[in-house]
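Please read the structure below before turning to the comments.
Remember, predicted model here, so these are calculated numbers, not experimental data. Counting starts at 1 for both ligands and their atoms, following the listed order.
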Amino acid sequence: MALPRHAAHRRLTVLTAVAALAAGAATAPAHASVQKSPVAAGYGGAVASVDADATAAGIEVLRKGGNAVDAAVATAAALGVTEPYSAGIGGGGYFVYYNARTHKVSTLDGRERAPLSATKDLFLEKGKPIGFADAVTSGLSVGTPGTPATWDTALRSWGSRPLAQVLRPAERLARDGFTVDATFRQQTADNQARFKDFPATARIFLPGGKPPAVGSTLKNPDLARTYALLAEQGVDAVYHGAVGRDLVRTVRKPPVDPASHRLARPGDLTAKDLAAYRIEQQAPTRVTYRGLDVYGMAPSSSGGTTMGEALNILEHGNLRKADQATYLHRYIEASRIAFADRNRWVGDPAQENVPEKGLLSKKFADSRACLVKDDKVLTSPLAPGDPRRPAPCGTRAGTPAPTPYEGQQTTHLTVADKWGNVVAYTLTLEQTGGSGITVPGRGFLLNNELTDFSFTPVTPGVHDPNLPGPGKRPRSSMSPTIVLDHGRPAFALGSPGGATIITTVLQTFLDHVDRGMPLVDAIAAPRASQRNAARTELEPGLWNSPLRARLEARGHAFALNPEIGAATGVQRLPDGRWLAAAEKVRRGGGSAMVVRPSGPSH
Ligand code: GLU
């Protein structure tokens with residue numbers, strides 16, 4: 001579930017030898033811990049993630065000659081061990097890749113899909129939507145996982161190492177264990193009430209019936225064996241084999257403790273759904289912004305179109321020259337408008353007519369930018385525009401649609417290699433801990449991604465492109481982003497945070513590009529998030545700042561959000577080094593490493 005993790009500290013690394021080598025040490029004592037750093041610069045490639053063990057796994061692959069794609073899969077697989085509540089083979093995600101040889105940006109849509117039997121009434125009983133929490137912890141919310149296929153497709157398309165090799169660091173980590181930190185313990189405690197109802201989940205994550213103690217070592221031998229099986233059989237083990245059979249059985253009859261009173265509804269996922277799963281390789285979204293090319297994820301994620309539209313709107317004023325309050329005002333208003341349009345128009349393009357080109361067009365942005373006034377605040381929920389037929393300023397194209405709730409937990413990693421290839425990859429189970437259901441004996445949790453669908457139309461009587469459907473992908477907000485400057489990578493970025501992902505990536509982009517902040521400071525800066533709601537959410541850094549009163553004087557209304565997002569990024573420095581950047585404080589701080597550190601960090 002979405003929970004603040006302000007005072008938490010991330011686990012210390014156990015892959016210490018690798019990390020110490022990354023820091024330039026010749027040798028390192030086994031199981032010593034290294035200090036995590038939110039920023040690193042140097043040569044040979046760079047990795048940034050929320051977790052030191054996972055970042056070290058990627059660095060290990062780069063050091064052994066693997067490329068950015070190999071390292072991204074290794075990092076993601078390690079996150080499946082140390083961030084098992086956000087990442088793992090029971091979930092899905094979006095992979096954006098810059099190929100230094102072809103200078104092209106490609107994407108993989110590894111989003112979970114609804115069962116082929118699903119209808120728009122998936123979450124209705126007797127015509128009424130079931131409770132959100134009931135839907136989350138059930139087989140009903142489990143979509144066909146896309147993460148194993150994402151890893152496989154990425155490696156086959158652009159990797160240089162076999163899956164078996166890049167899974168090795170993660171397999172080792174699952175077998176030998178990682179050191180539990182306060183964040184992990186807290187996330188487990190927050191989930192204890194439901195985890196305890198599923199013996200397969202409790203056995204791994206509630207050792208002795210309790211959340212594991214900070215400083216203890218948590219092992220997941222089941223997951224180590226699953227990774228070993230994938231190494232041997234490939235991802236067919238999931239889509240056509242034994243792991244898949246177990247997965248289907250688990251979804252169809254969630255293995256609830258007989259002593260518990262929990263009603264975990266079954267889902268209708270079948271072997272046919274697994275066999276039919278396909279990765280989509282659609283073109284990335286692209287907008288230009290002040291000479292930069294910004295590439296993002298096309299629908300089924302709303303990330304690329306929403307951020308793209310907001311940037312097109314913001315190009316109308318020079319944010320470099322604006323004072324801080326005006327900058328924040330315009331950023332908030334552009335987000336509000338872009339979300340109004342997102343909510344009306346974006347769904348799975350395989351089943352919905354999504355006007356992607358229109359949403360990204362400068363002409364449409366022109367018709368929306370004219371709504372932004374420096375001395376006035378727009379009223380939410382704001383009505384959408386019609387990107388198919390951009391109309392004169394302010395013409396309504398329909399009834400306003402508010403932004404539905406999305407979980408606020410997933411994980412993002414960013415990688416670059418010495419050849420100049422770049423990966424931005426966001427993966428998720430949806431809520432922290434997904435459905436709460438572990439596939440018995442396999443060591444991984446199942447997603448609850450299908451709760452990203454609207455259960456009923458957000459605006460009664462108006463077509464909602466995000467209703468469930470057979471084999472349909474729920475709309476996402478994940479926004480892995482790669483920015484090119486004259487065809488060469490400038491930086492790449494992404495974040496968790498449900499619908500706040502889009503505003504986090506947008507604000508970090510603007511802080512870096514327009515406000516001149518070093519990437520690591522842009523990532524650390526206090527955030528605001530407006531998603532076509534009456535109130536804009538502010539982190540404490542802005543809530544407690546005099547800027548709030550200045551914005552309130554213009555008509556803004558705010559709500560406090562203790563923590564928004566947890567971004568990571570990489571940047572190509574002018575001298576040819578790579579810089580990796582992660583959070584300084586949020587979620588206890590992230591982990592940035594390079595293969596060969598050198599010089600000042602930023
Ligand atoms: N389910 C969310 C999405 O696809 C991601 C979950 C999160 O960030 O918490 O956008």
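Residue contact check: Gly498 has heavy atoms under 4.0 Å from atoms 7 (C), 8 (O), 9 (O) of ligand 1. Ligand 1 places these atoms under 4.0 Å from at least one heavy atom of Glu449: 1 (N), 2 (C), 4 (O).
Leu140 and Ile130 get closest at one heavy-atom pair: CD2-CD1, 3.8 Å.
Judged by distance alone, the side chain of Thr250 and the main-chain N or O of Val439 form no donor-acceptor pair under 3.5 Å.
Polar contact check, Pro496 against ligand 1: no nitrogen or oxygen pair lies under 3.5 Å apart. Residue Ile501 places no N or O, backbone or side chain, under 3.5 Å from any N or O of ligand 1.
When non-hydrogen atoms are compared, ligand 1 lies under 4.0 Å from neither the backbone nor the side chain of Gln431.
More than 12 non-hydrogen atoms from other residues, nucleotides or ligands lie less than 6.0 angstrom from CG of Asp121.
A salt bridge is absent between Arg342 and Glu309; no separation between the charged side-chain nitrogens and carboxylate oxygens falls under 4.0 Å. A salt bridge links Lys472 with Glu352: the closest approach of a Lys/Arg side-chain nitrogen to an acidic carboxylate oxygen falls below 4.0 angstrom.
Residue contacts with ligand 1 include Arg111, since one or more of its heavy atoms lies under 4.0 Å from the ligand. Not a single heavy atom of Arg475 sits less than 4.0 Å from an atom of ligand 1.
Judged purely by distance below 3.5 Å, without hydrogens or angles, the side chains of Ser591 and Asp51 never pair a donor atom with an acceptor atom.
Across Asp452, Thr451, Asn448, Thr428, heavy-atom proximity to atom 2 (C) of ligand 1 is greatest for Asp452.
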